[in-house]
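A short write-up of the structure that comes next.
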Amino acid sequence: MSLENKTVLVIGGSSGIGRGVADLTAAAGARLILVGRDAEKLVRVQKEFADSRTFAVDATDEKALARVMQSIGPVDHVVSTVGGAMGGGFMANSVEAVSAAVDGKYLVALRIAKVVVPYIREAGSLTITAGAGGRPHNASGAVIGNCATRLLVQGLAVELAPSIRVNAVSPTWMDTPLWRDVPREQVDETKSYFDRTIPLKRTATVGEVASAYIYAMTNTFVTGQALVVDGGLGLVQ
Ligand SMILES: NC(=O)c1ccc[n+]([C@@H]2O[C@H](COP(=O)([O-])OP(=O)(O)OC[C@H]3O[C@@H](n4cnc5c(N)ncnc54)[C@H](OP(=O)(O)O)[C@@H]3O)[C@@H](O)[C@H]2O)c1
């Protein structure tokens with residue numbers, strides 16, 4: 001299925017992976033709608049995508065997102081890259097921090113799905129974002145959130161078939177603005193660790209990860225999958 005003249009909503013399209021999805025989607029001839037929280041960032045990004053529309057909203061606020069969806073109307077595909085990051089094991093973090101990481105990934109994705117699905121046209125898709133890499137002892141809440149998100153797409157895929165396909169993309173660590181609050185030196189050290197550890201001996205480009213979302217949107221026989229884009233990290237870690 002081509003994305004030409006399709007309406008694609010990218011929640012998280014103003015930065016990082018979502019921004020990469022916006023680039024590829026626009027290049028494929030789709031009508032682009034970008035959602036993020038920061039209105040100024042959206043204005044800057046919108047200038048690069050002629051005819052795109054933007055909406056500044058916190059997608060974790062179901063009522064606010066529902067109002068935005070009412071003004072957007074029907075769409076063909078929805079991508080969400082909303083989700084956070086967490087390091088450390090169960091003993092190193094508070095129960096609240098572990099719970100917040102799980103909720104921030106899986107329950108947020110569920111809430112977004114409940115709001116946006118009624119607006120997705122027949123034969124459309126929803127693609128959300130999980131994550132790969134990390135183990136329970138060093139990424140506790142994030143690992144649970146990612147596992148739960150993978151199970152969420154399996155459930156939604158069956159519940160929404162045959163009308164709407166539902167998939168997730170699972171990237172592993174990569175250098176994006178997600179790490180904006182982490183000191184640059186520490187980000188560089190982490191990158192160097194993954195450059196050594198990932199079998200392909202480097203971290204992904206945003207384009208490589210974004211292309212998995214395009215695959216999820218356009219392959220009309222793929223549903224309920226979490227597409228792992230990790231350079232083989234899961235095979236050795
Ligand atoms: N980068 C990595 O190493 C990595 C690895 C594994 C998984 N992931 C997952 O990939 C996803 C995207 O990460 P990224 O690296 O692209 O991060 P990013 O560069 O920080 O981009 C996140 C995007 O989502 C938007 N966003 C975040 N929370 C939102 C909310 N509540 N409502 C509306 N928009 C929201 C942000 O907009 P505003 O800035 O305006 O809020 C921004 O456009 C996350 O789910 C992350 O867990 C990333």
Side-chain angles (χ1 to χ4, degrees), residues 9-23 32-46 48-49 52 54-69 78-87 100-112 115-116 127-134 139 141-150 152-153 168-182 186-188 190-191 193-195 197-198 202-210 212-213 226-231 233-234 237:
L9 166 62
V10 186
I11 305 175
S14 59
S15 178
I17 296 167
R19 170 64 208 272
V21 174
D23 278 333
L32 201 52
I33 303 169
L34 304 174
V35 164
R37 286 172 298 195
D38 182 336
E40 284 178 19
K41 207 191 283 182
L42 281 168
V43 168
R44 283 198 298 276
V45 173
Q46 186 181 26
E48 293 169 43
F49 300 107
S52 62
T54 61
F55 294 86
V57 65
D58 182 343
T60 64
D61 179 342
E62 286 160 272
K63 286 186 181 151
L65 183 61
R67 284 194 293 275
V68 165
M69 290 310 299
V78 177
V79 165
S80 171
T81 63
V82 174
M86 179 192 189
V102 177
D103 288 3
K105 199 65 163 179
Y106 147 72
L107 280 184
V108 163
L110 173 57
R111 289 196 183 97
I112 290 174
V115 174
V116 303
T127 309
I128 59 180
T129 304
V143 171
I144 297 175
N146 290 332
C147 283
T149 304
R150 290 198 287 275
L152 174 65
V153 295
V169 173
S170 292
T172 193
W173 193 95
M174 56 197 294
D175 190 355
T176 70
L178 183 66
W179 311 113
R180 57 181 70 74
D181 297 331
V182 178
Q186 199 180 321
V187 173
D188 288 343
T190 307
K191 182 173 182 328
Y193 166 78
F194 281 105
D195 284 343
T197 310
I198 289 174
R202 63 180 178 83
T203 55
T205 64
V206 162
E208 285 169 329
V209 174
Y213 294 79
L227 307 171
V228 177
V229 188
D230 73 347
L233 181 65
Q237 203 193 43

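One-based numbering, in listed order, for ligands and for the atoms of each. Position 1 is the first residue of the sequence; numbering continues from there.
- In summary, Arg67 and Glu62 do not engage in a salt bridge, as defined by a charged side-chain N under 4.0 Å from a carboxylate O.
- When hydrogens are left out, the protein atom nearest atom 32 (N) of ligand 1 is Ala59 N, 2.8 Å; that is the closest non-hydrogen contact.
- In this structure, CZ in Phe49 is found 11.5 Å from OG1 in Thr54, a value given to the nearest 0.5 Å.
- Backbone and side-chain nitrogen or oxygen atoms of Ala132 are examined, and none is located within less than 3.5 angstrom of a nitrogen or oxygen of ligand 1.
- Given atom 29 (C) of ligand 1, the protein heavy atom at minimum distance is Arg37 NE, 3.5 Å.
- The residue Val108 has no part lying near ligand 1, judged by heavy-atom distances below 4.0 Å.
- Ligand 1 has no nitrogen or oxygen under 3.5 angstrom from a nitrogen or oxygen of Trp173.
- Those atoms of ligand 1 with a heavy atom of Ser15 less than 4.0 angstrom away are 16 (O), 18 (P), 19 (O), 21 (O), 42 (C), 43 (O).
- Contacts between Leu178 and ligand 1 below 4.0 angstrom, taking non-hydrogen atoms only, involve backbone and side chain alike.
- Between Ala210 and Val21, the closest heavy-atom pair is CB-N, 3.5 Å.
- Thr81 and Tyr213 form no side-chain donor-acceptor contact under 3.5 Å, judged by distance and modelled atom types alone.
- Distances from ligand 1 to the non-hydrogen atoms of Pro171 include at least one value under 4.0 Å.
- Taking every non-hydrogen atom of Asp58 and a distance limit under 4.0 Å, the qualifying atoms of ligand 1 come out as 30 (C), 31 (N), 32 (N).
- Here the straight-line distance linking atom CH2 of Trp179 with atom CG of Asp188 works out to 13.5 Å at 0.5 Å rounding.
- Interatomic distance, CG of Leu32 versus CG of Leu9, reported as 9.0 Å (0.5 Å rounding).
- Here the OG-CD distance, from Ser14 to Glu40, works out to 12.0 Å after rounding to the nearest 0.5 Å.
- Scanning all protein heavy atoms for the shortest distance to atom 11 (C) of ligand 1 gives Thr81 O, 3.0 Å.
- For ligand 1, the atoms sitting less than 4.0 Å from at least one non-hydrogen atom of Gly16 are 16 (O), 19 (O), numbered in the order shown with element in parentheses.
- Among the atoms of Gly36, none of the N or O lies under 3.5 angstrom from an N or O of ligand 1.
- Closest to atom 14 (P) of ligand 1, if we only count protein heavy atoms, is Thr176 OG1, 3.7 Å.
- The protein atom (non-hydrogen) at minimum distance from atom 25 (C) of ligand 1 is Gly12 CA, 3.5 Å.
- Looking at Lys41, Arg180, Met86 and measuring to atom 20 (O) of ligand 1, the nearest heavy atom belongs to Arg180.
- For Asp38, a nitrogen or oxygen atom sits less than 3.5 Å from a nitrogen or oxygen atom of ligand 1, counting backbone and side chain alike.
- Residues Thr129 and Thr149 share a closest heavy-atom pair of O-CG2, 4.0 Å.
- Remark: side-chain polar atoms of Arg180 are paired, donor with acceptor, to backbone N or O of Pro177 under 3.5 angstrom.
- Less than 4.0 angstrom separates some heavy atom of Trp179 from each of these atoms of ligand 1: 1 (N), 2 (C), 3 (O).
- Close approach to Ala130 involves these atoms of ligand 1, each under 4.0 Å from a residue heavy atom: 7 (C).
- Close contacts of ligand 1 with Val57, meaning ligand atoms under 4.0 Å from a residue heavy atom, involve 32 (N), 33 (C).
- Lys105 NZ, 3.5 Å is the protein heavy atom nearest to atom 46 (C) of ligand 1.
- Applying the 4.0 Å criterion to heavy atoms of Met174 picks out, from ligand 1, the atoms 1 (N), 2 (C), 3 (O).
- Protein heavy atom closest to atom 35 (C) of ligand 1, with residue, atom name and distance, is Val82 CG2, 3.8 Å.
- Of all heavy-atom pairs spanning Ala132 and Thr172, the tightest one is O-OG1, 2.9 Å.
- Ala130 approaches Arg150 most closely through the heavy-atom pair CB-CG, 4.4 Å.
- Of the protein's non-hydrogen atoms, the one nearest atom 5 (C) of ligand 1 is Thr172 O, 3.4 Å.
- Atoms CZ and NZ, on Arg202 and Lys191 in that order, are 9.0 Å from each other to the nearest 0.5 Å.
- Listed by atom number, the atoms of ligand 1 under 4.0 Å from Ile17 heavy atoms are 10 (O), 16 (O).
- For Phe194, the CZ atom sits in a packed shell: over 12 heavy atoms of surrounding residues, nucleotides or ligands are nearer than 6.0 Å.
- Not a single heavy atom of Arg19 sits closer than 4.0 Å to an atom of ligand 1.
- Between Ile128 and the choices Ile112, Leu152, Val78, the side chain to side chain contact (heavy atoms under 4.5 Å, CB included) rule is met once, by Leu152.
- Annotation: the span from Ile17 atom CD1 to Thr205 atom OG1 amounts to 10.5 Å, rounded to 0.5 Å.
- Of the polar atoms of Val35, none of the N or O atoms is found under 3.5 Å from an N or O of ligand 1, judged by distance alone.
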